[in-house]
2 protein chains.
Amino acid sequence: MKRILVIDDDPSITSLLRRGLSYEGFQVSTAPSGEEGLRLARETPPDLVVLDLMLPGLDGLEVLRRLRSADPQLPVLMLTARDTAEDQIQAFGFGAEDYVVKPFRFEVLLARIQARLRQRQARSELRYADLRLNPESHQVFRGSREVVLTGLEFRLLHTFMRQPERVLSKSFLLDAVWGSDFFGDTNIVEVYIKQLRQKLGEPRLIQTLRGVGYVLREKSPGR
Amino acid sequence: MKRILVIDDDPSITSLLRRGLSYEGFQVSTAPSGEEGLRLARETPPDLVVLDLMLPGLDGLEVLRRLRSADPQLPVLMLTARDTAEDQIQAFGFGAEDYVVKPFRFEVLLARIQARLRQRQARSELRYADLRLNPESHQVFRGSREVVLTGLEFRLLHTFMRQPERVLSKSFLLDAVWGSDFFGDTNIVEVYIKQLRQKLGEPRLIQTLRGVGYVLREKSPGR
DNA sequence: AGGCTAGCTGAGGGCCATCTGAGGGCCGCC
DNA sequence: GGCGGCCCTCAGATGGCCCTCAGCTAGCCT
């Protein structure tokens, strides 16, 4: 779940965003001042920050500068009532990615937030336990060791990594990886599971649930 | 010198931007339609695109989509007279970074352009491993040795260098380098890959992922 | 304990994605 | 008009990957 930090001294704004963004599935923190916002960001780094330009105490631009110094990649969305050309120029100069003018429609803000997160998300790799799978480079690592997979093996593992700890039946996998136009035996799934297990090494991450399917899960010790 | 491509059917806009941005030290191309814009972008990839949402013929959003498919990193600044929430939402959905509403102050547009370009840092010379590609001088070096490439070879390598370690499918390359109006066999990609590999020499930097595509990557040493 | 069935495994055949060398046609330049 | 460079096509060779198969193992039920 993505974390969003909202820094604004206007309670009607923070309350609106807290409710609206929570409803959209984000984990929302709010701070009424720059100092408080920076403290929260330091404790639990958010995935994105919505920052009011006009703040009591520490200036919004100063907060932006400090957030950036801690994480130059962090997406920050500026929020403000002022709409002069000078402000915009200055904010962009400090490296804000985007700028929304109050009053705004919630959907517009949401769309921009999602656009920012998507930009970031697309490049990021999937992780589970000590496994890392990068869809862009088509690479897989177990710890620091690279695991070289063929096209099908990769697609199979990718399917598991997108929904770890969820049981996937053989017919589901057949559909997801081989496509619904495949008419062979489900034994092919077993064959490729074995192949994957072998390449990924120990300890085993793909467990068999007899009569049900397979699941990507760390073997919990003693149960 | 940074290249900016302006796609807009309104001559007063293109003329204004051509003069204004040239004065600021940019190299400006303009296109009155989406088709023409895409063609220019394919021939000489710009550093940033200013794109009108309302275009005759090919829709602005469609142009955006195609520009993005060729280079996901390319900064695109949408420009439009419409200012409805729906448009903004849709444009962000397609991955526009920014949005400027007509009429605009030139300084605001300029500030946003500069902010985008700064984020992207120097595009002037692309590097990967011991490869260097300079889009301005159209030169390529492998280590200290210059590699002389033809126009197509250069565009192909350029496409790879803009997104190193990312898998590019043959159909993607066909689209990005040859254009979507090419109807020949994908074998042409294989032929040019071979040609590039030969000219670039060893160790091989363009790897084949059978059934998936090609990727610019140093062969990870056996681990 | 024994039987049944789901799942595991090793080997191998064949197909097709990719590689490769050769060559034809077009265009700009001399 | 001739020449050279570049783009594209084609067809044969290669071998990696996908899939099958048959025998084996092991969980589960009676």
Side-chain angles (χ1 to χ4, degrees), chain A residues 138 140 147-160 167-217 219 223, chain B residues 39 42-43 138 140 147-160 167-217 219:
Chain A
H138 216 264
V140 173
V147 181
V148 179
L149 300 182
T150 71
L152 262 177
E153 288 159 5
F154 186 88
R155 266 154 65 192
L156 183 58
L157 181 59
H158 195 183
T159 306
F160 276 103
V167 181
L168 307 179
S169 73
K170 271 187 261 198
S171 62
F172 172 85
L173 291 170
L174 213 50
D175 228 45
V177 178
W178 279 264
S180 51
D181 51 345
F182 179 85
F183 288 111
D185 198 330
T186 56
N187 170 256
I188 186 115
V189 179
E190 297 159 21
V191 171
Y192 273 83
I193 292 281
K194 168 185 152 51
Q195 189 70 4
L196 256 188
R197 282 172 170 165
Q198 195 165 66
K199 286 197 177 180
L200 293 176
E202 297 294 334
R204 177 176 287 200
L205 285 177
I206 300 179
Q207 318 298 342
T208 304
L209 297 186
R210 198 183 167 80
V212 184
Y214 298 92
V215 60
L216 181 67
R217 182 193 292 154
K219 197 103 179 184
R223 231 200 280 186
Chain B
R39 201 182 56 71
R42 194 161 55 239
E43 280 176 7
H138 214 265
V140 174
V147 180
V148 179
L149 300 181
T150 71
L152 264 178
E153 287 161 5
F154 185 86
R155 267 154 67 186
L156 182 58
L157 182 59
H158 194 182
T159 306
F160 275 104
V167 181
L168 308 179
S169 73
K170 270 188 269 204
S171 61
F172 172 87
L173 291 169
L174 212 51
D175 224 46
V177 177
W178 279 265
S180 52
D181 49 346
F182 180 87
F183 288 110
D185 198 330
T186 55
N187 171 257
I188 186 123
V189 178
E190 298 160 22
V191 171
Y192 272 80
I193 292 280
K194 169 182 152 55
Q195 189 69 5
L196 256 187
R197 281 172 170 164
Q198 198 163 62
K199 286 198 178 181
L200 293 176
E202 297 292 333
R204 177 176 287 200
L205 285 178
I206 300 179
Q207 318 296 343
T208 303
L209 298 186
R210 193 163 241 268
V212 183
Y214 298 92
V215 60
L216 180 66
R217 183 195 290 156
K219 198 102 179 184

field: Gap between atom CG of A/Asn187 and atom CG of A/Leu174 - 0.5 Å precision
entry: 10.5 Å

field: Inter-residue atom distance B/Thr159.OG1 - B/Leu216.CG, 0.5 Å rounding
entry: 11.0 Å

query: Taking only N and O in the side chain of B/Thr208, is any of them less than 4.0 Å away from OP1 or OP2 of C/dC19?
result: yes

message: Taking 4.0 Å as the cut-off, does a side-chain nitrogen or oxygen of A/Lys170 come that near to OP1 or OP2 on C/dA6?
response: no

Over how many whole Å does the gap from [X] atom [atom1] to [N] atom [atom2] extend?
{"X": "A/Gln198", "N": "C/dG7", "atom1": "CD", "atom2": "C1'", "result": "16 Å"}
{"X": "A/Ile193", "N": "C/dG10", "atom1": "CD1", "atom2": "C1'", "result": "18 Å"}
{"X": "B/Phe154", "N": "D/dG5", "atom1": "CZ", "atom2": "C1'", "result": "18 Å"}
{"X": "A/Gln195", "N": "C/dG12", "atom1": "CD", "atom2": "P", "result": "16 Å"}
{"X": "B/Arg197", "N": "C/dT20", "atom1": "CZ", "atom2": "P", "result": "7 Å"}
{"X": "A/Glu190", "N": "C/dT5", "atom1": "CD", "atom2": "C1'", "result": "12 Å"}
{"X": "A/Gln207", "N": "C/dC8", "atom1": "CD", "atom2": "P", "result": "11 Å"}
{"X": "B/Lys194", "N": "D/dA11", "atom1": "NZ", "atom2": "P", "result": "19 Å"}

query: If only atom types and distance count, is the side chain of B/Lys170 paired as donor or acceptor with the main-chain N or O of B/Glu190 below 3.5 Å?
result: no

query: With no hydrogens and no angle check, is any side-chain donor or acceptor of B/Arg197 less than 3.5 Å from a backbone partner on B/Arg204?
result: no

message: List the residues meeting side-chain contact (heavy atoms from CB on, under 4.5 Å) with B/Ser171, not counting sequence neighbours, and say none if there are none.
response: B/Ser169

statement: Contacts of B/Arg210 meeting side-chain contact (heavy atoms from CB on, under 4.5 Å) (sequence neighbours excluded), chain-then-number -> none

Where protein sits on nucleotides 18-30 of chain D, one letter per nucleotide: B base, S sugar-phosphate only, - none, heavy atoms under 4.0 Å: BBBB----BBS--

message: Restricting to non-hydrogen atoms, name the atom on A/Ile206 and the atom on A/Leu196 that form the minimum distance, rounded to 0.1 Å.
response: CD1-CD1, 4.0 Å

message: Walk me through whether B/Leu173 and B/Thr186 qualify under side-chain contact (heavy atoms from CB on, under 4.5 Å).
response: CA-CA 9 Å; B/Leu173 291 169; B/Thr186 55; over 6 Å; no

message: If the helix axis at each end comes from five base pairs, how far does the helix from C/dA1-D/dT30 to C/dC30-D/dG1 deviate from straight, to 10°?
response: 30°

Could you go over nucleotides 28-30 of chain C and give all protein N or O partners under 3.5 Å, atom names and distances?
none

- request: Check salt bridge (Lys or Arg N to Asp or Glu O under 4.0 Å) between B/Arg39 and all other residues, then give those that pass, not counting sequence neighbours.
  value: B/Glu36, B/Glu43

field: Worked check of side-chain contact (heavy atoms from CB on, under 4.5 Å) between B/Val177 and B/Phe182
entry: CA-CA 10 Å; B/Val177 177; B/Phe182 180 87; over 6 Å; no

task: Just say parallel, tilted or perpendicular for the rings of A/His138 and A/Phe154, cut-offs at 30° and 60°.
output: parallel

